[in-house]
Each structure stands twice: as structure tokens, then as C-alpha cells.
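Working notes, structure below.
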Amino acid sequence: MSTKTSLTGGFVIAVLAAALVLSGFGAAVAVGGIGQKPATTTTVTGTNATAAPYTLTLVLTTGNTFNSTVGEQPAYYVLGPNGLESSANISLPVNQTIKLVIMNYDDGNASLVIPNDNVVSGTNGGTVFVASNTNVNSSQGTNGINIVGGQSVTSVPSADLAHTFTVPALNLNVPVPLSSTVVAYFTITKAGTFIWFCETTCGFGTAGTAGAMSTAGWMTGSLVAS
Ligand SMILES: [Cu+2]
């Protein structure tokens with residue numbers, strides 16, 4: 001695990017070096033002597049745990065017209081700066097905590113393609129936080145709305161499962177209950193291109209694995225970590 005940082009200016013490097021010492025990171029810092037041009041490359045070894053999480057927000061909708069034969073299918077979108085974008089190629093940083101938010105507008109249940117894909121794996125603490133219509137209960141109190149929050153879970157009952165966001169090569173599995181918002185934290189420690197899947201039978205055909213399930217940008221795609 002390594003993070004490469006290119007800096008110009010001795011002051012910045014000195015501040016960074018002090019920060020690294022304070023934070024206990026092992027570091028190889030090259031600083032030029034007095035009167036010499038400072039080194040411009042600093043190599044830090046260790047996960048960049050102090051950086052703010054990188055947020056990836058996915059929106060899961062239904063009613064997307066696939067074609068005239070298949071009809072409507074569910075799809076994952078990336079919520080980008082300009083709205084909904086394709087999920088065919090998702091870019092994520094390595095060695096930085098990723099905050100994954102999935103906003104699921106699908107209220108339908110789907111069966112499992114693989115047993116146990118309703119169980120969380122690969123996230124911090126082995127859990128996901130689920131807020132949904134059924135477990136976030138709000139009521140009108142005397143001074144406003146009373147809100148009872150969601151819950152952290154290690155699995156989702158199969159009967160409540162709509163989709164998953166799964167990256168087998170990273171051992172990442174985030175089950176997504178119907179009509180819910182899911183939040184999970186994880187870190188990717190190796191660069192590469194990995195395939196993400198939904199592992200419920202939410203697609204087309206008798207097996208539910210055609211249509212959206214076998215088409216990039218719908219229920220599968222590439223995850224590029226760099
Ligand atoms: Cu799905």
C-alpha cells in the first residue's frame with residue numbers, strides 16, 4: 001500500500017513531514033539542504049487514513065426501457081455532478097476510505113443468484129447501514145418530527161432483498177433491501193479493473209439473468225481502482 005504525493009516547495013514538505021511524524025506514519029521524506037533546490041517527490045507508505053472518505057453515490061431505479069422486447073429493467077446509475085451518469089465504468093481511488101451510498105427506489109423483491117449473497121462482506125466492520133421506509137420511523141412530536149434512525153446489519157433477510165452491489169475480486173458484497181438507502185464504508189488496497197455485479201435475479205428471462213443483469217451500465221459494469 002503506498003500513496004505518492006508530488007509537492008513543490010520546502011515549506012510544504014516540511015509541514016507534511018511534521019504531520020507525518022505526528023500521525024505516526026512510516027515515511028521516506030527527501031528534503032534538500034539549505035540553499036539546495038528542494039526535492040519534489042515525497043513517498044509515503046501506509047494507508048491514507050486521514051483523508052476524507054471518497055463518496056460514491058449510486059442510484060437504483062426501475063422503469064428504464066431496455067428495448068422493445070425486454071421492456072423495463074432496473075438499473076444502477078452513478079450520481080455525478082451533472083445528475084445521473086452511466087454505471088458502466090466506475091472509477092474509485094485506492095488506499096482511501098470509500099463511502100458508498102446506494103439510494104434504491106426499487107420496491108420489488110428478487111431472488112438470490114448465489115446463496116448467501118444477502119450477507120455483507122468486505123466492508124468496515126462487516127456491516128452496512130440501512131435506512132428505509134420500514135426502519136426509519138418518523139412521527140410528529142410536540143416540538144417537531146421525531147426520527148428513529150436506521151440500523152447497521154450484517155445481512156439482509158432474503159425476503160427483503162432487491163439487489164446487491166458485489167465485486168467478487170474484492171470480496172465486497174453489499175446487499176440492498178427494497179426501498180432503502182444503504183451506506184457502507186470500505187477500502188480498496190489494490191489497483192486494477194474489477195467487475196461489479198448485482199447478484200439477484202432482477203433481470204430478464206425465466207432465470208432473471210438476461211437483459212439488465214448481463215449488460216454493462218445496468219446491473220453490471222467495470223470498477224477501475226487507481
Ligand atoms: Cu439487481
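Order of appearance sets the numbers: ligands from 1, and atoms from 1 within every ligand.
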Just to confirm my numbers, could you give the angle made at the Cu ion (ligand 1) by SG of Cys198 and SG of Cys202, rounded to 10°?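 It rounds to 120°.
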His163 ND1 and Met219 SD subtending at the Cu ion (ligand 1) (10° steps):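 SD of Met219, the Cu ion (ligand 1) and ND1 of His163 span an angle of about 100°.
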Can you check whether Gln73's main-chain N or O pairs, donor with acceptor, with Asn64's side chain at less than 3.5 Å?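 Side chain of Asn64 to backbone of Gln73, a donor-acceptor pair under 3.5 Å: yes, one is there.
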Side chains of Phe129 and Ser152, heavy atoms from C-beta outward: is any pair under 4.5 Å?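 Counting from C-beta outward, Phe129 and Ser152 do come under 4.5 Å.
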Is Leu172 close to Ile188 at the side-chain level, that is, under 4.5 Å between some pair of heavy atoms?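 Answer no - side chains too far apart.
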Of all heavy-atom pairs between Thr164 and Pro175, which one has the smallest distance, and what is that distance?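 Scanning both residues completely, I find the closest heavy atoms to be CG2-CA, 4.1 Å.
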Taking both backbone and side chain into account, is any N, O or S atom of Thr164 nearer than 2.8 Å to the Cu ion (ligand 1)?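 Checking Thr164: none of its N, O or S atoms is under 2.8 Å.
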